[in-house]
Amino acid sequence: MRTFNEKVWELTKKVPKGKVSTYQEIAKELNCKAYRAVGYALNKNPFAPIVPCHRIIKSTGEVGGFAHGSKKKIMMLKKEGIEFYGDKIKNFEKILFKFK
DNA sequence: CTAATGACATTTG
DNA sequence: ACAAATGCCATTA
């Protein structure tokens, strides 16, 4: 059956390169406010390289956490053309991908 | 079934 | 504006 986690991964896969999304947006798309569960799902995500989990950040514009270290996450995002103010995303609202 | 956990978000001091 | 406390939901033990 399609678990909550699978839905999360599926939405995460839809985020285009060079853009990011938030845990909150994903939760909302699933008709709930389980941002916590979303993070949990991505952490336990068995499709580590398949799903672009690094494109999911906090609603505040901070990168949040990452299984291999937040530092790595930032590096990967930078590689995709995303700019940073230290640990915070630059032009956050402009590169934010919305599902709706 | 109950308790604990976590890559969060929002409110409060 | 920043840091701490509180609330949140699904998953796991």
For the pair A:C32 and A:F4, evaluate side chain to side chain contact (heavy atoms under 4.5 Å, CB included) and give the outcome as yes or no after the intermediate values. CA-CA 11 Å; A:C32 15; A:F4 184 88; 4.1 Å; yes
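Looking at which nucleotide of DNA chain B each of A:T60 and A:K44 is closest to, the 5′-most match is held by A:K44. In this structure, A:Q24 and A:H54 both approach DNA chain B, and ranking their closest nucleotides by distance from the 5' end singles out A:H54.
Atoms CG and OG1, from A:N5 and A:T12 in turn, are 10.0 Å apart once rounded to the nearest 0.5 Å. The NE2 atom of A:H54 lies 14.5 Å from the NZ atom of A:K78; values are rounded to the nearest 0.5 Å.
Atom-to-atom, CD of A:E62 to P of B:dT10 comes out at 12 Å; the value is rounded to the nearest Å. At whole-Å resolution of the value, OH in A:Y23 and C1' in B:dA9 are 12 Å apart.
Between A:E29 and A:K98 no salt bridge is recorded (no basic side-chain N to carboxylate O distance below 4.0 Å).
Nearest heavy-atom pair, A:L42 versus A:C53, reported as atom, atom and distance to 0.1 Å: CD2-CB, 4.2 Å.
For A:S70, no side-chain nitrogen or oxygen approaches OP1 or OP2 of B:dA7 to under 4.0 Å.
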For a quick check, with a 4.0 angstrom heavy-atom cut-off, what is the B/S/- contact string for nucleotides 1-10 of chain C, read 5' to 3'? ------BBBS
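For residues 65-75 of chain A, there are no salt bridge (Lys or Arg N to Asp or Glu O under 4.0 Å) pairs, not counting sequence neighbours.
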